[in-house]
Amino acid sequence: MTANRTILLVEDNKDDVFLMKRALQVARIANPVVVVETGQEAKDYLSGIGKFADRENYPIPAVVFLDLKLPFVFGHEVLAWIRSRKEFESMIVIVLTSSNEASDLSRCYSLGANSYLVKPPTAEQLQALAKAFKWGWLEYVR
């Protein structure tokens, strides 16, 4: 079970970070959330290198929420990198993006995303999404 294991949020938009953290809180998801703002930081975090070397403070996450449009290293590249690593083959990666493009959806699933979600336009819809996430990915999926 992934309860109380870290959630890694890979998101460069401060407003989206705030809204996502708030939605998780409203959904009563108590897992700690670590935020990184670039694709390279996501890779560094998952590799446990640089400032993320201390696994006690930066543990391997149970779930990664991954935006696609990131500075330096795009989300697609991060997803492909995660899936190329044997130690992360069972990691839950949920693409959470503003892109409603069919090509992004198809590419993410072909790269191994567990889910592809378009960011809802309202805070209330994001909170509903977080509640569904809690039910589907944190409590009942094994």
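Hydrogens, waters and symmetry mates play no part in the numbers below; they use all other heavy atoms, side chains included.
In terms of hydrophobic clustering, with Ile, Leu, Val, Met, Phe, Trp and Tyr side chains grouped at heavy-atom distances under 4.5 Å, M91 and F65 are assigned to different clusters. Using a 4.5 Å cut-off between side-chain heavy atoms of Ile, Leu, Val, Met, Phe, Trp and Tyr, with links allowed through other members, V35 and I29 fall into the same hydrophobic cluster. Under the 4.5 Å side-chain heavy-atom criterion for Ile, Leu, Val, Met, Phe, Trp and Tyr, I82 and V36 are members of the same hydrophobic cluster. Transitive grouping of hydrophobic side chains (ILVMFWY, heavy atoms separated by less than 4.5 Å) keeps I7 and L46 in distinct clusters. Cluster membership for L19 and V64, using ILVMFWY side-chain heavy atoms within less than 4.5 angstrom, is not shared.
A donor-acceptor pair under 3.5 Å is formed between the side chain of N31 and the backbone N or O of R5. Judged by distance alone, with hydrogens and angles left aside, the side-chain atoms of N114 form a donor-acceptor pair with the main-chain N or O of V93 at under 3.5 Å. No donor-acceptor distance shorter than 3.5 angstrom exists from the side chain of S47 to the backbone of D44, with no hydrogens or angles considered.
Using cut-offs of 30° and 60° for the angle between ring planes, the Y109 and Y116 rings count as tilted.
Contact record, A42 with V78: CB-CG1, 4.1 Å, taken as the closest heavy-atom pair. Scanning all heavy atoms of the two residues, the minimum distance from V95 to C108 falls at CG2-SG, 3.9 Å. S99 and V118 make their closest contact through O-CG2, 3.5 Å (heavy atoms, listed as atom of the first residue, atom of the second, distance). When all heavy atoms of L111 and A80 are compared, the closest pair comes out as CD2-CB, 3.9 Å. Here the shortest heavy-atom pairing between Y45 and P61 reads CE2-CD, 3.8 Å.
With rounding to the nearest 0.5 Å, the separation of CZ in F72 from CD in Q40 is 9.5 Å. In this structure, L79 CG and F74 CZ are separated by 14.5 Å, a value rounded to the nearest 0.5 Å. If you take CZ on R107 and CG on L68, they are separated by 8.5 Å, rounding to the nearest 0.5 Å. Here the CG atom belonging to D15 is positioned 15.0 Å from the CE atom belonging to M20, to the nearest 0.5 angstrom.
When side chains are defined from C-beta on, I60 counts as touching F88, because their heavy atoms get closer than 4.5 Å. When side chains are defined from C-beta on, D104 counts as touching H76, because their heavy atoms get closer than 4.5 Å. Between V33 and Q25, every side-chain heavy-atom pair lies at or beyond the 4.5 Å cut-off.
Contacts of K119 classified as side chain to side chain donor-acceptor pair (under 3.5 Å), with partners at least two apart in sequence or in another chain: E11, D16. Remark: L117 pairs with I94, L96, S115, L129 by the side-chain contact (heavy atoms from CB on, under 4.5 Å) rule, at least two apart or across chains.
Within 6.0 Å of the CG atom in N100, the count of heavy atoms belonging to other residues, nucleotides or ligands does not exceed 12.
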Check against side-chain contact (heavy atoms from CB on, under 4.5 Å), L70 and L66: CA-CA 9 Å; L70 298 167; L66 179 62; 4.0 Å; yes
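Note on residues 71-87: pairs passing salt bridge (Lys or Arg N to Asp or Glu O under 4.0 Å), not counting sequence neighbours, are R85-E87, K86-E89.
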